[in-house]
Structure formats: structure tokens, C-alpha cells
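The block underneath contains the structure these notes are about, expressed in C-alpha cells.
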Protein chains: 2
Amino acid sequence: MKGFLSFLILWLVHKRNMTGAEIALELEKRKGRRPSPGTIYPVLKHLKGAGLLSIDESKCYSLTKRGRKELEAHLNTFFQTFCDIDEMRSCRKV
Amino acid sequence: MKGFLSFLILWLVHKRNMTGAEIALELEKRKGRRPSPGTIYPVLKHLKGAGLLSIDESKCYSLTKRGRKELEAHLNTFFQTFCDIDEMRSCRKV
DNA sequence: CTTTAAATATCGATTATCCGATACAATTAC
DNA sequence: GTAATTGTATCGGATAATCGATATTTAAAG
């Protein structure tokens with residue numbers, strides 16, 4: 001299950017181009033806790049280094065073409081891994 | 001995103017009591033690759049040590065009461081983290 | 001302009017996830 | 001009942017995810 005943080009970050013940036021701080025805020029909204037700078041910036045650096053994210057002058061990240069491809073692949077494995085996600089959801093609703 | 005493998009294993013065992021080998025097979029079905037023994041058994045040991053799983057004479061794992069509580073908590077954070085899962089799904093269907 | 005505050009970045013340490021190799025145990029096949 | 005296979009387990013090493021501390025850069029306030 002390694003690579004899930006990267007996957008989620010790709011997804012967030014896909015929805016809207018964001019700065020590191022905005023990504024951290026969004027992760028806080030979702031996970032209940034703001035990731036520390038030591039979590040977020042190294043991942044962003046790695047993703048940029050891997051050619052999946054690009055960054056503009058105002059430090060705003062966006063997906064590259066490779067990033068979009070990678071996100072697509074991650075989405076496929078995600079839904080295959082959690083193939084019974086509806087069952088998981090209804091289980092929770094009890 | 002640490003703890004996702006444990007979460008998935010709790011979910012699988014919740015659906016059906018299983019041995020380590022069965023869990024490995026199910027993970028292969030979902031993720032496309034069978035986890036190596038060096039992945040699966042340490043996690044199982046940890047989960048057992050944390051009182052989330054119990055194991056019977058025939059090495060079949062089942063959830064403890066604490067394991068069920070833990071699974072429930074994980075389910076909640078999972079669906080909060082992936083709150084836009086339907087959007088993710090439809091994005092993939094293009 | 002300087003001070004303050006916020007965002008970006010790096011560092012060292014810890015835990016989770018992962019592999020392949022090896023070892024040991026239990027089951028199945030002859 | 002031994003031999004081969006399968007399942008269980010541990011080990012060492014790698015990478016990802018995480019923190020908190022610190023440092024640096026950038027932006028805002030005064």
C-alpha cells in the first residue's frame with residue numbers, strides 16, 4: 001500500500017492546482033490532521049523529480065502529462081484493491 | 001497513509017476468517033501481486049500482538065472485539081479521506 | 001524599511017510496508 | 001514412512017510516510 005500519499009496528492013492536484021500549503025490544508029480536512037512540513041515537501045519534491053508534477057513561479061503545483069497517466073493507473077489499482085468499496089461503505093453506515 | 005495494509009487485512013478477515021496464505025491470495029487477487037511472506041507475516045504478528053486479531057489452532061485469523069472497533073474507526077477515516085470517491089470512480093470510467 | 005508571520009524546505013529519527021532469502025513446520029504424494 | 005510441496009515464520013535491507021525541529025525564503029503589517 002506504499003504510494004497512497006502520492007496517489008492522493010496527485011488526485012488533489014488533478015482537481016485543482018494547489019500550493020504545498022493548500023495541499024496540506026486539504027489533507028487536514030480529509031484526514032483530521034495537518035501533515036507536517038517534513039511529510040509534505042519531500043513528497044512534492046519527489047513527485048516533481050519523477051516528472052509527475054510541475055511547479056510555477058508562485059509555487060503552485062499542477063499535473064504533467066505523465067502525472068495524469070500515473071493518476072489514471074493509480075485509480076485503476078485503487079478500485080481493484082477496494083473492489084468491495086460499496087460493501088465497506090454500507091458496513092460503516094450501521 | 002501508513003496503516004492501509006493493516007486496514008485492508010482487518011477488512012478481509014472481517015469478511016471471512018482466513019489463514020495467512022488465504023489473505024495473501026486475496027491480496028494477490030486485488031493488487032495483482034502476491035505479497036511476499038516477509039510482508040504478510042510480520043503484519044499479522046503485529047496485529048495479533050496489538051490484540052486486533054486472534055488465531056486458532058489451524059492458524060485461522062479472526063477479528064477480536066478490539067479488531068472490530070479498529071476496523072470501524074479505519075472505515076470512517078477511509079471514507080473521510082476519500083470523500084470524493086464517486087468522483088474518482090467516474091473519472092476513471094472515461 | 002524593518003519586523004512579524006507564513007510558506008517552503010531540509011534533517012534526523014521512527015514506524016509501516018515491501019522484497020527476497022532462508023528456515024522451520026505441516027500436509028500431501030508417492 | 002520418507003519425499004516433495006505448501007504454509008508459516010524470521011531476517012536483513014530497501015523505500016514510503018510520518019513527526020518535530022530547524023532553517024530559509026517569501027509575504028504581510030507596521
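Every heavy atom of this structure was used, including side-chain atoms; hydrogens, water molecules and symmetry mates were not.
Residues A/D84 and B/W11 have side chains in contact (heavy-atom distance under 4.5 Å, counting atoms from C-beta outward). Looking at B/L75 and A/R89, their side chains never come closer than 4.5 Å, going by heavy atoms from C-beta outward. Between B/M18 and B/S62, the closest side-chain pair of non-hydrogen atoms is not below 4.5 Å.
Phosphate contact (OP1/OP2 of C/dA9, side-chain N/O of A/K59, threshold under 4.0 Å): present. Considering only side-chain N and O atoms, A/K45 lies nowhere under 4.0 angstrom from the phosphate OP1 or OP2 of C/dA9. Side-chain nitrogen and oxygen atoms of A/T39 include at least one within less than 4.0 Å of the OP1 or OP2 phosphate oxygen of D/dC19. A sub-4.0 Å separation between OP1 or OP2 of D/dA17 and a side-chain N or O of A/S6 is present. Within the 4.0 Å cut-off from OP1 or OP2 of D/dC19, at least one side-chain nitrogen or oxygen of A/R33 is found.
When the nucleotides C/dC19, C/dA9, D/dA9 are ranked by their closest atom to the side chain of A/Y61, C/dA9 comes out on top. Closest contact between the side chain of B/S36 and the listed nucleotides C/dA16, C/dG20, D/dT8 involves C/dG20. Nearest nucleotide to the side chain of A/H46, out of D/dA17, D/dA16, D/dA9: D/dA16.
Mapping A/P42 and B/A21 onto DNA chain D by nearest heavy atom places B/A21 closer to the 5' end of the strand. Both A/Y41 and A/K2 lie near DNA chain C, and the one whose nearest nucleotide falls closer to the 5' end is A/Y41. Of the residues near DNA chain C, B/F7 and A/K48, the one whose nearest nucleotide (by heavy atom distance) lies more toward the 5' end is A/K48.
Nucleotide C/dT10 holds its C1' atom 15 Å from the CD1 atom of A/I40, rounded to whole Å. Taking atom CG of A/L52 as the reference point, atom C1' of D/dA16 lies 15 Å away to the nearest angstrom. Protein atom CG of B/L44 is 8 Å distant from nucleotide atom P of D/dA9, rounded to whole Å. Protein atom CG of A/D56 is 11 Å distant from nucleotide atom P of C/dT8, rounded to whole Å. Note: CG (B/L5) to C1' (D/dT15) measures 15 Å, nearest angstrom. For the pair A/I23 CD1 and C/dA9 P, the computed distance is 11 Å after rounding to whole Å. The CD-C1' distance, from A/E28 to D/dC19, rounds to 15 Å in whole Å. Protein atom CD of A/E57 is 17 Å distant from nucleotide atom C1' of C/dA7, rounded to whole Å.
Residues B/L53 and B/T64 come closest through the heavy atom pair C-CG2, 3.7 Å.
Nucleic acid contact for B/G38: base, since at least one base atom lies under 4.0 Å from a heavy atom of the residue.
The aromatic ring centres of A/F82 and B/F82 sit 6.0 Å or more apart.
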